Number of protein chains: 2
Amino acid sequence: MLSKASEYAIRSLVYIAVKNRDGLRPGYREIAREIEAPEQFTAKILQTLVRQKLLMSVRGRGGGFFFDPQSKPLPLIEIINAIEGYKLFTRCGIGLSKCSDENPCPIHNQYAIIRNQYQDLATKTTINTLAKKIIDGDAVLNRLI
Amino acid sequence: MLSKASEYAIRSLVYIAVKNRDGLRPGYREIAREIEAPEQFTAKILQTLVRQKLLMSVRGRGGGFFFDPQSKPLPLIEIINAIEGYKLFTRCGIGLSKCSDENPCPIHNQYAIIRNQYQDLATKTTINTLAKKIIDGDAVLNRLI
DNA sequence: ATAATAAAAGACAAAAACATCTTTAATTAA
DNA sequence: TTAATTAAAGATGTTTTTGTCTTTTATTAT
Ligand code: FES
Ligand code: FES
């Protein structure tokens with residue numbers, strides 16, 4: 001399960017990607033409102049993503065957040081790694097200090113498969129993949145009403 | 001990803017099950033040592049499991065923890081639920097306030113499958129399943145040396 | 001009975017996650 | 001150049017999770 005910070009990050013970025021298609025650069029107030037996340041916490045998370053170069057921003061009137069049009073599609077795993085690291089995809093299912101094929105815990109064989117599938121999903125899914133679903137009306141980013 | 005408390009709970013119970021086969025009832029000091037978990041925290045977790053009737057205990061000299069021989073095999077999901085609830089298996093993959101097939105988030109279709117596989121694993125896997133692997137030498141519960 | 005042993009219980013403490021508040025810096029429209 | 005706007009930054013606060021310490025209660029061997 002992702003941390004709330006990772007969840008907010010992904011929802012924010014999808015929202016930004018959707019808005020960017022219309023040439024708009026939303027601010028953190030708008031983003032937080034639309035994805036139902038705490039305003040200042042969202043701002044902090046976006047700050048982190050900007051520092052890590054996954055996202056761009058401009059200050060001042062008319063400013064906001066946006067993706068570099070040059071940049072490659074952004075896989076979710078990169079966002080997750082930027083916010084909370086890779087532990088979700090490497091940690092032993094019952095908490096042994098190291099996950100290992102050679103010296104497995106009793107659930108390793110089954111758990112590692114599922115964990116790898118999740119990692120695969122997070123690697124293959126990009127912000128754009130998700131943004132397209134929003135644009136096509138096939139999915140939502142909030143539960144407003 | 002499970003909470004540490006759930007991880008310690010599962011490792012503890014597997015250790016207890018293994019010991020019980022030899023007619024032994026380990027105490028929390030021994031358990032904590034053998035599964036590499038903090039002693040008092042382990043004691044608290046075992047207390048919770050005893051209160052919830054997933055485990056039995058006797059105080060005093062010769063006391064310790066053990067399973068009711070009458071009881072049915074204990075699926076991991078029951079332990080997880082006792083310690084941290086079901087949220088791991090019900091929560092939206094990107095944190096929407098409700099996960100829903102009818103009104104999905106953009107990752108729902110792929111994520112829900114993996115989450116269900118994990119739930120299925122936690123439902124079908126019992127403490128005894130895991131204990132057998134330890135007894136057969138096919139898996140380990142710690143990384144001591 | 002007494003001493004030893006072991007879990008239960010309650011209070012407390014530290015760390016991490018989650019969140020807010022206030023001030024500063026950058027940008028732009030007027 | 002000034003006022004308005006917006007992100008960045010830093011300090012602080014809250015909640016949850018994780019972990020420890022101390023005292024109490026139950027059990028048993030002697
Ligand atoms: S060793 Fe436990 S999941 Fe790999
Ligand atoms: S709605 Fe997001 S995972 Fe189901």
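This one's a predicted model, so the numbers in the text were calculated from it and none came from an experiment.
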Revision key, fill the gap. Checking D:dC21, D:dT18, C:dC18 against the side chain of B:Ala5 (C-beta onward), the nearest is D:dT18

Check your understanding: Expressed in angstrom and rounded to an integer, what is the separation of A:Ile45 atom CD1 from D:dA8 atom P?
Key -> 13 Å

Point to revise | Non-hydrogen side-chain atoms of B:Leu76 and B:Thr126 separated by less than 4.5 Å | key: no

Review point. Which comes earlier along DNA chain D counting from the 5' end, the contact point of B:Pro38 or that of A:Arg51, where each point is its nearest nucleotide?
Key: A:Arg51

Exercise for review: Could you tell me the separation between the NZ atom of A:Lys4 and the C1' atom of C:dA16, rounded to a whole number of Å?
Suggested key: 14 Å

Practice item. Name the closest nucleotide to the A:Arg61 side chain, picking from C:dT28, D:dA29, D:dG19. Key: C:dT28

Review point. DNA chain C: B:Gly60 or A:Thr42, which has the more 5' nearest nucleotide?
Key: B:Gly60

Practice item. For A:Gly62 and for A:Leu2, find the nucleotide of DNA chain C with the closest heavy atom, then tell me which residue's nucleotide is more 5'. Key: A:Leu2

Practice item. Look at the side chain of A:Arg59 against the base of C:dA25 and say whether a donor-acceptor pair falls under 3.5 Å; ignore hydrogens and angles. Key: yes

Review point. Whole-Å distance between D:dA26 P and B:Met56 CE?
Key: 16 Å

Point to revise | Value in whole Å for how far the C1' atom of C:dA7 lies from CZ of B:Arg29 | key: 9 Å

**Study point:** Side-chain touch B:Arg33/B:Glu39, heavy atoms, less than 4.5 angstrom
**Key:** no

Review point. D:dT18 P sits how many Å from B:Glu36 CD, rounded?
Key: 18 Å

Check your understanding: Is the phosphate of C:dA8, meaning OP1 or OP2, less than 4.0 Å from a side-chain N or O of B:Tyr28?
Key -> no

Check your understanding: For A:Gln70, does its backbone N or O pair with a side-chain atom of A:Asp68 as donor and acceptor, under 3.5 Å?
Key -> yes

Check your understanding: Is there a side-chain polar atom (N or O) of B:Ser57 under 4.0 Å from OP1 or OP2 of C:dA6?
Key -> no

Review point. From the list C:dT20, C:dA26, C:dA4, which nucleotide is the closest neighbour of the side chain of A:Lys44?
Key: C:dT20

Point to revise | Among C:dA19, D:dA7, D:dT20, the nucleotide that comes nearest once only the side chain of A:Phe65 is considered | key: D:dA7

Check your understanding: Tell me: CD of A:Glu39 to P of C:dT20, nearest whole Å?
Key -> 9 Å

Check your understanding: Does the side chain to side chain donor-acceptor pair (under 3.5 Å) test come out yes or no for B:Asn128 and B:Arg21, once each step is laid out?
Key -> CA-CA 10 Å; B:Asn128 252 284; B:Arg21 296 222 180 183; 2.8 Å; yes

Exercise for review: Return no unless some side-chain N or O of A:Tyr8 is found under 4.0 Å from OP1 or OP2 of C:dA19.
Suggested key: yes

Review point. Rounded to the Å, how far apart are B:Phe41 CZ and D:dT22 P?
Key: 19 Å

Check your understanding: Any idea which of C:dA4, C:dA8, D:dA8 is nearest the B:Val50 side chain?
Key -> C:dA8

Check your understanding: With a 4.5 Å limit on heavy-atom distance, are the side chains of B:Arg11 and A:Leu96 in contact?
Key -> yes

Check your understanding: Tell me: NZ of A:Lys87 to C1' of D:dT17, nearest whole Å?
Key -> 13 Å

Check your understanding: Mind checking whether A:Tyr118 and B:Tyr118 have ring centres under 6.0 Å apart?
Key -> no

Revision key, fill the gap. Quick note, A:Ser3 side chain, CB onward, closest among C:dC18, C:dA7, D:dT18 is C:dC18

Check your understanding: With a non-hydrogen cut-off below 4.0 angstrom, is A:Arg25 in contact with a base, only sugar-phosphate, or nothing?
Key -> nothing

